[in-house]
Amino acid sequence: MAIERTLSIIKPDATEGNHIGDILGMVEKAGLKIIAMKMMHLSQAQAEAFYAVHAERPFFGELTEFMRRSPVVVSVLEGENAVATYREVMGATNPANADEGTIRKAFAKDVGENSVHGSDSQENAAIEIAFFFPASQLPCAPLFHGARRARRPPGVAAQLGGRAGPAHADGPGGPRPPHRLAAGPAASP
Ligand code: ADP
Ligand code: MG
């Protein structure tokens, strides 16, 4: 299955209710990796722009007012089938219809104040991620999913005291190098 990215927003009702940690825990237990995250207070203009697709719906005013009521936690999730996986973890839009074990079943108040947003397609995920995160704030994919860690050439390892091994900060080889965002298929010889 493909490694995808999706955008998550923990909405104001959930941040007000101190459910950020519980929700992020459910995300991680589902096998999704949080690869970028920030807490922010949306402006009215940002809320309207993000939900522009619903501008004609009768609940648009209520929705945008709700989304700017308190801070939200915006994150990018990465994993196998991430868009559909996260929609499953979220549960149905209306918590009355949400399955047991889903975020909305556990925390949502009603169809409007329903605790989380998740992208509904890969195409929209790309648009929504770009809305909140410039490419420079995102790691190059895939970071976590079976990718082999880069190893330093022996000469570089020797200069660093002979420590060969992973180049990432959580390995014995020292600090993690900057992401090489420009690197991709086009950069291959
Ligand atoms: P989802 O968030 O599950 O993708 P939609 O894209 O249909 O659902 O709607 C976007 C958001 O608009 C919902 O999550 C909810 O906050 C709000 N919303 C949807 N339907 C209603 C409604 N009937 N009344 C009030 N708010 C609604
Ligand atoms: Mg939607």
Side-chain angles (χ1 to χ4, degrees), residues 1-135 137-138 141-142 145:
M1 247 187 280
I3 299 297
E4 296 174 357
R5 290 177 176 184
T6 191
L7 185 88
S8 162
I9 304 177
I10 301 178
K11 295 182 178 182
D13 62 304
T15 63
E16 290 164 2
N18 282 2
H19 301 311
I20 297 171
D22 287 331
I23 290 171
L24 294 177
M26 291 168 82
V27 166
E28 291 191 319
K29 282 196 182 73
L32 294 166
K33 300 285 185 187
I34 300 162
I35 62 165
M37 181 161 64
K38 59 187 166 191
M39 190 164 192
M40 59 192 295
H41 204 153
L42 297 180
S43 66
Q44 181 68 24
Q46 284 173 317
E48 288 178 4
F50 183 77
Y51 275 120
V53 67
H54 293 306
E56 304 305 321
R57 308 284 283 275
F59 55 81
F60 183 65
E62 184 188 330
L63 173 61
T64 55
E65 195 174 317
F66 161 58
M67 289 301 292
R68 68 174 177 79
R69 188 172 77 199
S70 294
V72 296
V73 175
V74 188
S75 58
V76 180
L77 311 180
E78 187 178 271
E80 281 188 6
N81 228 6
V83 170
T85 299
Y86 187 48
R87 294 289 309 192
E88 274 178 35
V89 176
M90 287 164 55
T93 306
N94 187 337
N97 304 324
D99 290 337
E100 284 296 335
T102 62
I103 293 169
R104 283 168 164 168
K105 181 72 176 182
F107 303 115
K109 186 175 133 202
D110 55 39
V111 68
E113 300 199 13
N114 58 5
S115 302
V116 279
H117 166 84
S119 309
D120 62 7
S121 67
Q122 285 191 65
E123 189 187 3
N124 283 336
I127 294 167
E128 291 176 5
I129 289 168
F131 184 88
F132 287 109
F133 296 94
Q137 290 179 9
L138 296 168
H145 311 276

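Whatever order the structure lists ligands and atoms in, that order sets their numbers, starting from 1.
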Engineer: Would you check ligand 1 and list the protein residues that come within less than 4.0 Å of it by any heavy atom, ordered by chain and number?
Structural biologist: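 Close residues (ligand 1, cut-off 4.0 Å): Lys11, Tyr51, His54, Phe59, Glu62, Leu63, Arg87, Thr93, Arg104, Val111, Gly112, Asn114.
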Engineer: Say whether, by atom type as modelled, one donor and one acceptor occur between the side chain of Thr15 and the main chain of Pro71 under 3.5 angstrom.
Structural biologist: yes
Engineer: Thr85 side chain to Glu80 main-chain N or O, any donor-acceptor pair under 3.5 Å?
Structural biologist: yes
Engineer: Would a distance-only check, ignoring hydrogens and angles, find a side-chain to backbone donor-acceptor pair under 3.5 Å from Arg104 to Val116?
Structural biologist: yes
Engineer: Report yes or no: is the cationic atom of Lys38 (NZ for Lys, CZ for Arg) closer than 6.0 Å to the six-membered ring centre of Phe133, at no more than 45° off its axis?
Structural biologist: yes
Engineer: Name the atoms and distances for all side-chain donor-acceptor pairs under 3.5 Å in residues 86-99, with sequence neighbours left out.
Structural biologist:
{"residue": "Tyr86", "atom": "OH", "partner": "Ser8", "partner atom": "OG", "Å": "2.9"}
{"residue": "Arg87", "atom": "NH1", "partner": "Gly118", "partner atom": "O", "Å": "2.9"}
{"residue": "Asn94", "atom": "OD1", "partner": "Ala96", "partner atom": "N", "Å": "3.0"}

Engineer: Is it true that a side-chain atom of Glu62 and a backbone atom of Phe59 form a donor plus acceptor pair closer than 3.5 Å?
Structural biologist: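 Not at all, since once roles are kept as given, no pair shorter than 3.5 Å links the two residues.
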